[in-house]
Amino acid sequence: MSTQVDTPSNEPSALLQPSRVGRDGRSLSSNSVALSSRSQSFAVSGPPPGSFSSDLKSTFSRSETPRPDLSTYSSYAVEDSTTTTEQRQAALRDKIEKETKIKKGTENLLEALNTKNAKQVKDQKVKVEAELNTSNRKIAQLQQGLQDEIQRSRETANTNNANGNRLSFLFRSAPGKSYSQQDVDRDYVSDNSEPETESPTFVLAEILQALEAEEMQPEYYVDQTNRLVELFKRHPTLKYDLVWSEFGLRMQLMLLSDSREVVAGGWRAMRYVITDRKSLQTIRAHHTDYLVILSLVKESKASVEREQALKFVRAFLDVKDGVEEISLSVARMVVALAEHNDDRLKAISILTLAEILVRDPALLVAAGGIGTLSDALGESNYHAAQSLTGAFLYLLDLPGRRRFLRSGYELEIPFATFTESPVGHAHEDKLKTNAKVISALLKTWPGLITLARNDFLALRSLMQSLYIPIINVRNALLELITDVLRIKAPSWSSSFLAGRRLTTYARVTNLKEAEKKPEHLNHETEDETDHRDLVEHFTAVVLAALLHSGLLEALLHAEEEPLSIALKRKSTLVLGEVLRLASDLLPDSWSAKLQVLPQLLRNASRFGLEDRFVATGTIYQVDSVNRTLQRSEPIHPQIARPMVMSEPEKPQSSEQTNTQARQVDEETFRRMMLESNVAATGNFIKWRWDVILQIIDGPLLNAKRLEEAMKATRFIGRLDSFYRPLKHKFSDIKNTKPNQRYIRIGCALMRCLLQNPDGVRYLATCKILPQLAEHLAHYDRMSGITSESLLFTRDRLSETLAGGYFALLGAISSDPKGMVILERWRFFNIFYHIIEIPDRDDLIKALLSGMDYSLEGHLRIIISKAMTSCSKEIRMFSTRILRKYATRGVSPSQSHKGVAEWAIRLLANQLYDPEIEVCEVAIKILEEACNQKASLEYVVKCRPALDHLGEIGAPLLLRFLSSSVGYHYLDGLDYITREMDDWFHARNDTYVALVEASLARALADMPDKTQQQHSIFDDGLPEYTDYGVVPPHFYRELARTAEGSNLLAQSGHFDAFVNNIREFGMEDEDTETIVKVKGCLWAVGNVGSMELGAPFLERTSVVKLIVDIAEQSEVMTMRGTAFFVLGLVSRSLHGQEILYELGWDGAVDVRGDSLGFCLPSDFTKLFSIKPWASSSVERPRGRGHSGSDAKPTSTSSQDDPTTARILKHVKDLGNTVLAKRAAGDLHAIKVKRPPAFQSPGVLHKVMGILESHHFRLPMRRFVIDLFDKRVMRRIVLEEDDSSEEEVESEEDNGEESD
């Protein structure tokens, strides 16, 4: 290995790039390059080394890992062969000296420029800096050449011959290129190819030798460290082959540097060499614990160093069992950082402590970090306090972990904020932060059960806070209740809270909802009752807990004694929502007594009292809100189910509505025309578009009124003019949500014209369609038509309503007469060519989303072509469009017969798309279509092959099991037996993780992906996932059919699940067994939710076992799982009866069908858990300071008096009463006896005290600053302690003189 240059440069880029390596991994040394003068004759010539370029710019494009200038090698490689190596070395030294003088002159010039006005010399300074970089690179190149020349002189002739033969082979492999030219080619390749052309071990040795240089500028060491880190990034396996005796020493010297940047670079490099726990032990053997404390204890101005040191500590958490290597002293140091309010590292320190709490709670308890995290929960100085709840809840789940907490009272700190006296604006922010923490606690089973201890003491305290007459407190509590109960604010809530009356909100909201709801979803699907929502079930138990804690009484008090009008209305709205939720989610035994509002009725019936009027007004207001809520936003379908009309009734009702709209007398019609302002002015901004829509959907459906509007008035003519492309009115309107009404009204106008022969003739002859066809023809390569003003550019489609023309064409395509008109203007020919445009996905999306595919014709062929031949994005988009057609249901009585069958066939073919994402979209749509039995049978009839899709196709195959046709189809493929074995042995455990993750995601209320700008085209499939809903389960689908139930009985799997529940249901230690039991519970619950599962429940008496788990298990999440499973069991009639016998009551809808929500009659049983006490946690063993034996921290008889005094005063620093005096005494000792703080032994003992006791950050900094910096160097480098005896003798002499 070559040696490093004797005098390295002090600039960041002064080091060389690693030498090139051949394909066999051996380095191509520069002596090999010099062997063939013939080859070097092809070398690229360049300016002589050390010269300035004409433009004062560096010829290198990269500042890090600079490459040598190959022309430099050429300048000495092509010399006469008779030149001796000594002469070449002398020449190189002369060039290095010359270049060094140029560099010094450039540095002096740069220093002079720095003293002048920066604006005046800005350009000149840039040129000088570039020239300085060039000089640094040339010096590095010349130094490398000198080292290569020295190495070459030492090599034998045999090695030279061998290298020459290998080099000749390389030249033969690339004829016409010299080595220099090949090297030039490699210089311009991307960074990805660098690992193939460098020797990492050589570069590592080179960097380590460069770090041996002493008394260099900090930038020099930082640059070498950056190179080292980049090397580890390019060669991740290099860190496994480090020689720690050399590498560790270099890092120790860097970490002992006086420069903050150098120490930060050392920590960064150390972080990148961590591999596993053994590597952490090796690193700690180099006394890094002391060095980490030394870096973290510094003041905030050393932010870079402290940040990198803390990142180094956090890197331990990324290694398996790495937390075991975090010493107690380092943990206490992190706790001190987290406690210091003004420290920049406070937030990341708190997060680090939370991670340690999860991975090694004993370490954090020993370090005293539990109190710090508890304070962060309630003091609101940590902005993401709600994220800390996960660590506490993780410990609370299992009994073995709870001993690290003091009976769970740590979680009650945030509740204190609601009863504190408000001070300034900070109190309001604190209320909001703590409300988020409490909300996070109430959305998990461990948090809810913990807060329900002691007869719901914490929740009662929270509800009692509503009686406090402070506006901010009451407002925060109402917001908290709204969040916990997942109350969605109705569309009219803002107007209601602003003081407006409840008048027409319900009617307007119903109208909007009707517009948004697709036609094919207006009827109830067959499996709509199969919707198992765990979030609603959990909301039911939270609501019951709050009601049990006095929620209703507190809300009534807030109603009777409002602090402001806005708060009164908000409490009224919350009260109405609570009553509605209680009616919908809770059993009748709970909700019946709430709805009468007994307290208000008593006050309202007391005649002669002033409170009577307040109570009467409150009852009226609550009733008004309740009725408005019921009319405007009914809750999910299985609770408020509309009665399904028969097919003959639907057209009749629709026909009655249309007839009433048409029957408008002439006077009313004329008044509406005048109110629209269309005839009065041509300015569309002044038109009444709401009146226009009423006219189009009403009177214009009458042939006579339409004829009058076309001939006697300018109503239709001006609307026609507004939508013409060449008028640039409609097409230039900005694409915003309010402006979408212009598209809706335009579509309504097209449909209105198509319903009347006169309207059809008008539409066929109006100028809208030919002008639109002309603009679209520009994108048809076969038309030969071009346009100067393009209507459908990318910007116009996204920013204006130009894309709305496709919606208008879609409205026309929904009618056979409209299809004829479109074919007349050759729109279909244009569409065929548009979908072939390779770079206009936006135009293709607008086209496909706007069309209507209900009718047979060209449009179905076009979308079929798009699904198979366009780009991946377009194929996914067109697949999504089919959702609204595939979910209509396969029924011969439908008006659009065959639409669902056509869509399902296309989706089945789409399962063979080469892109798995496209197949996944098709699977989701088909799975939704299978909610209807007829559609499910038709999908099975298509016989789709799903084996190649793996897990993606599993949900659809599970849906096949729900019908006898699908069962026999899958049985013929031998799918059922294979899948049953898979679920029995492994998939049940995976299902547990899936359900819990889905529920946690749903309860967290995480915002979905950012919605795109309001688009004029929609793909028909909203991007959502049913979080919190019970995923499909194999055994549930199997129990839907008689054949599946027989197979389940024969397999004996259900009995095996029951035996596991019976034997291990109360397990509270082994996590694997707990997961196994949860999987068995979900399997039993899914089977029991089916009516055919009743015999299994009756025969095994498993429901009693599940009830015992829900009421007695010491694992809190196990209780939650059993609670949800009981909800599944309650869905079947037989399950309801069994639960009622066991003391559990279920909620039912208006028709008496179960909603899947159940609660125990004795509500407290669900939350009764054994109290626990915190046990003493032993100090973690093996956590002492690295590289040193355990030092006694107590004062012993062997300590001299001065050392004993120092240790005593250091201990007193932890006492707030004695701290000031102890600090003064320590300072006095340092002044009188400085050698006392120069002893490594004393520092060891002091560090032992800091490890064993709790100290604030300033005190830790004060203690460590007392010692001389050389003491830490002696400890880390393990230097001879002979001088320590001299120090002790000096102390003795000092004491005698005293």
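If you read the sequence from its start, that first residue is 1, and numbering goes on from there.
Screening residues 266-279 for salt bridge (Lys or Arg N to Asp or Glu O under 4.0 Å), with sequence neighbours left out, gives Arg277-Glu325. Counting only residues at least two apart or on different chains, the side chain to side chain donor-acceptor pair (under 3.5 Å) pairs with a member in residues 1260-1269 are Asp1268-Arg1270.
Contact check on Asp1225 versus Lys1208 returns no salt bridge, with no Lys/Arg side-chain nitrogen under 4.0 Å from an Asp/Glu carboxylate oxygen. Under 4.0 Å is where a charged nitrogen must lie from a carboxylate oxygen, and between Glu246 and Arg250 at least one such pair does.
Here the closest non-hydrogen pair linking His287 and Ile1275 is NE2-O, 3.5 Å. Across every non-hydrogen atom of Phe1255 and Ile1249, the tightest pair is CE1-O, 3.7 Å. For Ile1206 against Leu1226, the heavy-atom pair with the smallest separation is O-CD2, 3.8 Å. Across all non-hydrogen atoms, the minimal contact from Ala336 to Arg1256 is CB-C, 4.5 Å. The two residues Ala269 and Leu228 come nearest to each other via the heavy atoms CB-CD2, 4.0 Å. Across all their heavy atoms, Lys1245 and Leu1207 have their closest contact at CB-CD2, 3.7 Å.
Taking OG1 from Thr389 and CD from Glu410, the interatomic distance works out to 13.5 Å, rounded to the nearest 0.5 Å. Taking NE2 from His1209 and CZ from Arg1221, the interatomic distance works out to 8.0 Å, rounded to the nearest 0.5 Å. Rounding to the nearest 0.5 Å gives a distance of 4.5 Å between CD1 of Ile356 and CD1 of Ile326. Note that OG1 of Thr201 and CD of Glu206 are 11.0 Å apart. Values are rounded to the nearest 0.5 Å. Distance OG1/Thr1203 to CZ/Arg1233: 10.5 Å, rounded to 0.5 Å. Distance NZ/Lys233 to OH/Tyr272: 4.0 Å, rounded to 0.5 Å.
Using a 4.5 Å cut-off on side-chain heavy atoms (C-beta onward), Leu364 and Phe404 make no contact. The side-chain heavy atoms of Arg260 and Lys301, taken from C-beta on, include a pair separated by under 4.5 Å. The shortest distance between side-chain heavy atoms of Tyr394 and Leu357 does not fall below 4.5 Å. The closest side-chain heavy-atom distance from Ile274 to Met270 is not below 4.5 Å. Looking only at side-chain heavy atoms (C-beta outward), Asp289 and Glu1251 stay at 4.5 Å or farther from each other. In this structure, the side chains of Met333 and Leu1257 come closer than 4.5 Å at one or more pairs of heavy atoms. With a 4.5 Å cut-off on side-chain heavy atoms, Leu1250 and Ile1264 count as touching. Proximity of Leu291 to Leu256: side-chain heavy atoms (C-beta onward) are separated by under 4.5 Å at one or more points.
Under the side chain to side chain donor-acceptor pair (under 3.5 Å) criterion, Thr275 pairs with Ser279, sequence neighbours left out. A search for side-chain contact (heavy atoms from CB on, under 4.5 Å) contacts involving Asp318 returns nothing, not counting sequence neighbours. By the side-chain contact (heavy atoms from CB on, under 4.5 Å) test, Pro236 pairs with no residue at all, sequence neighbours left out. With sequence neighbours excluded, the residues satisfying ring pair (Phe, Tyr, Trp, His ring centres under 6.0 Å) with Phe247 are Trp244. Phe312 meets the ring pair (Phe, Tyr, Trp, His ring centres under 6.0 Å) test with Trp267, Phe316; sequence neighbours excluded. Residues satisfying the side chain to side chain donor-acceptor pair (under 3.5 Å) test with His1254, not counting sequence neighbours, are Glu339. Remark: Thr282 engages no residue in a side chain to side chain donor-acceptor pair (under 3.5 Å) (not counting sequence neighbours). By the salt bridge (charged side-chain N to carboxylate O under 4.0 Å, His left out) test, Lys346 pairs with no residue at all, sequence neighbours left out. In this structure, Phe232 has no ring pair (Phe, Tyr, Trp, His ring centres under 6.0 Å) partners at least two apart in sequence or on a different chain.
Between the side chain of Arg1274 and the main chain of Gln1238, a donor-acceptor pair closer than 3.5 Å is present. Counting only distance, with no hydrogens or angles, the side chain of Arg401 and the backbone of Leu396 share no donor-acceptor pair below 3.5 Å. Of the possible polar contacts, one joining the Lys1230 side chain to the Leu1266 backbone as a donor-acceptor pair under 3.5 Å is found. Panel note: side chain Gln252, backbone Leu1277; no donor-acceptor pair is recorded below 3.5 Å. With hydrogens and angles ignored, the 3.5 Å screen pairs no side-chain donor or acceptor of Tyr220 with any backbone N or O of Glu215. Distance alone, capped at 3.5 Å, is enough to place a donor-acceptor pair between the Asn136 side chain and the Leu132 backbone.
Under a cut-off of 6.0 angstrom, the local environment of NZ in Lys1220 is sparse, with at most 12 non-hydrogen atoms contributed by other residues, nucleotides or ligands. In this structure, Glu212 places its CD atom where more than 12 heavy-atom neighbours from other residues, nucleotides or ligands lie under 6.0 Å away.
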>> Working note: Ser257 + Ser259, criterion side chain to side chain donor-acceptor pair (under 3.5 Å); need CA distance, chi angles, decisive distance, verdict.
In response: CA-CA 5 Å; Ser257 173; Ser259 171; 4.9 Å; no

>> Set out, in order, the CA-CA distance, both residues' side-chain angles and the distance that settles side chain to side chain contact (heavy atoms under 4.5 Å, CB included) for Val297 and Val1263, then state yes or no.
In response: CA-CA 10 Å; Val297 83; Val1263 171; over 6 Å; no

> What do the steps show when you test Ser329 against Met1247 for side chain to side chain contact (heavy atoms under 4.5 Å, CB included), and what is the final call?
Replying inline: CA-CA 8 Å; Ser329 58; Met1247 296 298 286; 5.8 Å; no

Can you list, pair by pair, the side-chain donor-acceptor contacts under 3.5 Å of residues 347-355, counting residues two or more places apart and other chains?
| from | atom 1 | to | atom 2 | distance (Å) |
| --- | --- | --- | --- | --- |
| Ser349 | OG | Leu345 | O | 2.6 |
| Thr352 | OG1 | Arg314 | NH1 | 2.9 |
| Thr352 | OG1 | Ile348 | O | 2.7 |
| Glu355 | OE2 | Arg314 | NH1 | 3.3 |
| Glu355 | OE2 | Arg314 | NH2 | 2.9 |

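Between His1244 and Tyr290, the ring-plane angle classifies as tilted under the 30° and 60° cut-offs.
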